[in-house]
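Structure record follows, encoded as structure tokens.
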Protein chains: 2
Amino acid sequence: MPDEVEVAATQRVRNPWGQGERLRTEILDAAGRLFSELGGEEALTIRGVARAVGIAPASIYQHFADKAALVRGVIEHDYERLSAVMREADESVADDDVVGRVRAQMHAYCRFAVENPGHYRLMLGNRRPAGQGEAGQRPQGPLVPILGAVVAAFERCEQAGKRLRMPSERAAVMVFVGTHGRVALYHSNPEDGGADRILPFVDELISLVFD
Amino acid sequence: MPDEVEVAATQRVRNPWGQGERLRTEILDAAGRLFSELGGEEALTIRGVARAVGIAPASIYQHFADKAALVRGVIEHDYERLSAVMREADESVADDDVVGRVRAQMHAYCRFAVENPGHYRLMLGNRRPAGQGEAGQRPQGPLVPILGAVVAAFERCEQAGKRLRMPSERAAVMVFVGTHGRVALYHSNPEDGGADRILPFVDELISLVFD
DNA sequence: ACAGTTGCCGAACGATTGTTCAGCAACTCA
DNA sequence: TGAGTTGCTGAACAATCGTTCGGCAACTGT
């Protein structure tokens, strides 16, 4: 019982150096970079991250309870990054160009997937062990919330009078999933063309769901 | 120099028991099963395979030079399996039902991907280190030859007079890649529906590329 | 029946993994 | 200035990995 109180107090205390939080994100960034280069949860080692940051392996445990927590942190950190670039791309297009906003979102998705093959692989490969999610939280894969933004973009298209060949949510899944699969094909065979081959495909896919 | 001769002679000698080859495929099957359940190259251990087969870890090395050779064997074995089920599905449909043959192929692909999550993950996650392929062999990802069968099916559609909204090869990529992506979404979030949610999506995707 | 070959096993080796712990150095507060 | 707290480190732990080696048992041809 006194243990809990002490732990809580320890966590609440601020770092007097003012560097602790910065090192945490530094670890997160380095781990993310290794993720991108190596790809795969097993390829990411505590020692490797520590070496990349320039600290001792034991220091990792001052910021993350264990390796699983570090991996969760990297995943969370990078999904926010992907969501951010898609949101920025969405907002960088004029409001009345509703289709252009869909295209901008998907192009941003492609760029991110090409530039971060490791994270991309993680998005697919994350097997979610039973009971990993918080209690009461409906279990959902990491792609689902991102898909939500695409659905919203298609609903804006419908409200702007654009004619779709199917309900907006279904169109969003169609485009998102097709883009996702095209990127998978690229990662399976990167030799023949990169983003310059992917983006036209995505554009044609988008035009396909409109009437 | 005499070493090479002796090794070659050893490899050429047939197994007098007549069981060696059978055990090899037994190892391959067990490794494939573990691949399906665990998913991921790193999760597949020599000791785990040996335990699954019921033999000593050292015995694996009588049939595979090292772990990389075992993994290559599993990949090859299972791609042939996937190609086989897609070919069987293709041939199980009447010749004049050209669109039905496309659907049968893609449905078989979905079933395989749902029933073998590990292999599916492998199809995506296989990072091909430089110089792994045989010399003179154009490097290509594992999805590419399978895609070829889909292209052929769409070319048959065109020859039968079906109108496509794009060149047959592009339509094949569109459908294949969209199906592939839909399966990825399923694996990312298996809770909401399985094959019964995937197959209608695939059917709609196929109908989308026809005029 | 006997020598020769072959496939499998038990045991071990070195390397690497995640993780823990005591101690040292740098900072804050009185 | 001195006590107290905090972050980081070096060293070590047990576990697990791929892999190797000598020996045993089952089969072959003669």
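In what follows, chains carry the letters A, B, and so on, assigned in the order in which the sequence lines appear, proteins first and then strands, with residues in each chain numbered from 1.
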### Message
Whole angstroms only, please: what is the CG-P distance between B:Leu34 and D:dC17?
### Response
12 Å
### Query
Can B:Asp95 and B:Arg101 be counted as an ion pair, charged N to O under 4.0 angstrom?
yes
#### Entry: Verdict with reasoning, A:Tyr186 to A:Arg197, per side-chain contact (heavy atoms from CB on, under 4.5 Å)
CA-CA 9 Å; A:Tyr186 157 76; A:Arg197 291 281 297 272; over 6 Å; no
### Task
Taking only the side-chain nitrogens and oxygens of A:His63, find out if one of them lies under 4.0 Å from OP1 or OP2 of D:dG7.
no
### Message
For a quick check, with a 4.0 angstrom heavy-atom cut-off, what is the B/S/- contact string for nucleotides 13-21 of chain C, read 5' to 3'?
### Response
----BBBBB
#### Entry: Nucleotide D:dC8, atom C1' - distance to CD of A:Glu26 in whole Å
14 Å
#### Entry: Contact under 4.0 Å: A:Ser59 side-chain N or O vs D:dG7 OP1/OP2
no
### Candidate nucleotides D:dC8, C:dC8, C:dC9, ranked by approach to the side chain of A:Leu23 - the nearest
D:dC8
### Message
Could you work out, with salt bridge (charged side-chain N to carboxylate O under 4.0 Å, His left out) as the rule, every residue matching A:Asp203, not counting sequence neighbours?
### Response
A:Arg103
### Message
So does B:Gly48 get a backbone contact from the side chain of B:Thr45, meaning a donor-acceptor N/O pair under 3.5 Å?
### Response
yes
### Message
Please report the distance, rounded to the nearest Å, between CD1 in A:Ile55 and C1' in C:dA25.
### Response
16 Å
### Task
Grab the CZ-P distance between B:Arg24 and C:dG7 for me, whole Å please.
13 Å
### Query
Do B:Arg156 and B:Asp90 sit within salt-bridge range, that is, some charged N less than 4.0 Å from a carboxylate O?
yes
#### Entry: Whole-Å gap separating P (C:dG7) and CZ (B:Arg22)
14 Å
### Query
Taking CZ from A:Phe64 and P from D:dC8, how many angstroms apart are they, rounded to a whole number?
12 Å
### Task
To the nearest 0.5 Å, tell me how far B:His63 NE2 sits from B:Ile27 CD1.
4.5 Å
#### Entry: Whole-Å gap separating P (D:dG23) and CD (B:Gln62)
17 Å
